[in-house]
Amino acid sequence: MARIIVVTSGKGGVGKTTTSAAISSGLALRGHKTAVIDFDIGLRNLDIVMNCERRVVYDFVNVINGDANLRQALIKDKRVENLYILPASQTRDKDALTVEGVEKVLTDLAADGFEYIICDSPAGIEHGAFMALYFADTAIVVANPEVSSVRDSDRILGILQSKSRRAENGERVEECLLLTRYNPERVAKGEMLAVADVEEILATKLLGVIPESETVLKASNQGVPVIHDATSTAGQAYTDAVARLLGDDVEHRFINMEHKGLFKRLFRRSA
Amino acid sequence: MDSKSQNAELPFASTAQFRLKAGLFPLTQLDISHYERDAFTEQLAQKAAEAPAFFQHTPVVLNFDTFEGTLTPPLGEICGLCREHGLMPAALRSGDDAILTQATDLALAIMPAGKTKVSEVASTAPPAPDPAPAKEEAPSPEPLPSAGPTKVVNTPIRSGQQVYAAGGDLIVLSSVSAGAEVLADGNIHVYGALRGRALAGVRGDTSARIFCQSLEAELVSIAGNFKLDEDMRAEHWKAPRQIHLDEQTLVIQPLS
């Protein structure tokens, strides 16, 4: 049975696509056959973050419409074995996704031996986001440590537990929170919400805290998911998050302010 | 990044005059079991005297599902009497064709008949108002019922969700998020933080109370009397509190 994981947030620009790329790469690095699907029809981005935009021939909507089969549309990642990308269509709109169409793609992927299917949700709570979350077994809710992002995450958690297929069958979607762009120094100054505050407001399990890092932006521009950068704190934090997703007990890091030693102050590392 | 998709869905066209939106409005149901003009008028006047605040253009659903009389009741006359006493018949529920014909002539909305169970699941956008009290039998007209079944919710109530305990109490074992709304005909208990809106006694039960472990609400209301967060921040904020109504005034007290 494939585990279907939606990466969602409600709010835009909090790091869903970065997270989808990092988590799917991380799962594949751990040896699991993984597919990552871009549900942001019309605003395709995942292919850029995964550096396969020039290899897109057929897309998700082509597969749903029967213009291409799944094998033709899946792009094999060049860095990691076991990782495949199903890109979004850039020319259609989100209404091209249907419940039946999405279900068939997910069922076919599972039948093909995929263990994990990561659904990269568009922002908002409209049709595209609904399609991305409807079949989810697990939801990774991405939030930034600020009030409006947390509020939107709360809203999306409500939708997950009332409108998804699991909810319709009287089951719960497993939910977990991934806090991104976290900066302990700004938390200490009172400019950002602390992890504990967000956990308290959302009352949900913490999957990980990704520290604010320049390497994240650099990684998406270069098309290398940040998890491949083992020297960056963000990369390490994503590796930890993947381990927790697989059931490992890993202590949370990067939550507290780093004590800057003399060595660090002399050789300022950019990470 | 995907921030652009925030703007992908345009708001409705600027020429649109309206848009349709689902809403959940708690409505009082008037279960009519017998009709005899004088007795009916007398009982209405008596109830109106008991709870004058409630009988002020209050919309009601006339329910004839439990009507035991043999003659078809004169609907126009009943509506007239209700209006005289501050009730506005807005809709009707009945399985009787003769009554339904009268309702159509009087331009009353017709509600689906014979439904006595309310959906248990919290939903984000209830499709239609469904204020059916979960009572199996209704021996006499009771405008202010609050002794129905208790609804218990184990999960957090999230922003945008609305949970209504029709005819009884609501118990929330987790938190009520900002932007969420909990309503009950009876009392509301919240064993987590109450950050959203809580409305107890929505059908006019002035003895309803609200209990919470941490009062951080946007609004609390009992039988239509409400307080906003700014009225509570100074003294009662983030503390365990109970709220009850005393002579039209909300009283907030420590829970101890």
Side-chain angles (χ1 to χ4, degrees), chain A residues 7-20 38-46 48-49 88 93-95 120-129 141-142 147 150-163 167-168 170 172 175 200-204 216-217 220-221, chain B residues 1-12 19 21-22 24 118-127 151-164 172-182 190-197 212-218 229 237-239:
Chain A
V7 177
T8 185
S9 71
K11 198 173 188 319
V14 296
K16 285 182 295 299
T17 300
T18 302
T19 299
S20 299
D38 190 349
F39 274 77
D40 206 347
I41 310 297
L43 286 169
R44 180 171 94 193
N45 279 157
L46 183 69
I48 297 175
V49 177
D93 65 42
K94 294 184 173 70
D95 295 332
D120 181 21
S121 171
I125 51 172
E126 274 74 38
H127 186 68
V141 176
V142 182
V147 178
V150 172
R151 163 77 62 90
D152 291 358
S153 298
D154 191 47
R155 178 92 167 91
I156 211 89
L157 283 167
I159 292 172
L160 264 167
Q161 302 299 5
S162 60
K163 295 285 175 70
E168 285 174 2
R172 277 182 73 74
E175 50 185 51
E200 202 215 313
I201 296 171
L202 293 179
T204 196
V216 173
L217 186 63
S220 3
N221 285 336
Chain B
M1 296 302 290
D2 45 13
S3 60
K4 284 172 283 176
S5 58
Q6 284 285 75
N7 305 323
E9 270 77 25
L10 292 168
F12 55 97
R19 64 174 172 182
K21 253 182 125 173
L24 179 81
V118 181
S119 164
E120 291 294 317
V121 197
S123 89
T124 36
K151 185 173 198 164
V152 181
V153 181
N154 293 306
T155 55
I157 299 175
R158 305 285 184 185
S159 183
Q161 287 186 303
Q162 194 177 42
V163 176
Y164 175 41
V172 182
L173 294 166
S174 187
S175 295
V176 176
S177 293
E181 192 168 67
V182 288
V190 180
Y191 291 97
L194 171 56
R195 301 194 177 95
R197 296 154 60 95
C212 61
Q213 280 300 333
S214 178
L215 179 61
E216 302 166 46
E218 294 165 338
D229 61 334
W237 209 240
K238 296 195 175 179

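As a basis for the values below, the full set of heavy atoms in this structure was taken, side chains included, without hydrogen atoms, waters or symmetry mates. We name chains A, B, ... by the order of the sequence lines, and we start the count at 1 in each one. Bear in mind the structure is a predicted one, so any value in this text is a computation, not a measurement.
Remark: B:R197 pairs with B:E181, B:L199, B:E218, B:L219 by the side-chain contact (heavy atoms from CB on, under 4.5 Å) rule, at least two apart or across chains.
Between chain A and the residues B:P156, B:S175, B:S174, B:A178, the most heavy-atom pairs under 4.5 angstrom are made by B:A178. Options A:L202, A:T204, A:I156 differ in how many heavy-atom pairs under 4.5 Å they form with chain B, and the most are formed by A:L202.
Under a 3.5 Å cut-off, the side chain of B:Q161 and the backbone N or O of B:R158 do form a donor-acceptor pair.
Contacts between A:L46 and chain B at a heavy-atom distance below 4.5 Å are absent for every atom of the residue. For chain B, the nearby part of A:E175 is the side chain; its heavy atoms alone come within less than 4.5 Å. Only the side chain of A:R172 comes within contact range of chain B, judged by heavy atoms closer than 4.5 Å.
Between the side chains of A:S9 and A:K16, at least one donor N or O lies within less than 3.5 Å of an accepting N or O. Checking A:N45 against A:T17 by side-chain atom types alone, no donor-acceptor pair falls below 3.5 Å.
Side-chain contact between B:R195 and B:V176: absent, with no pair of heavy atoms (C-beta onward) separated by less than 4.5 Å.
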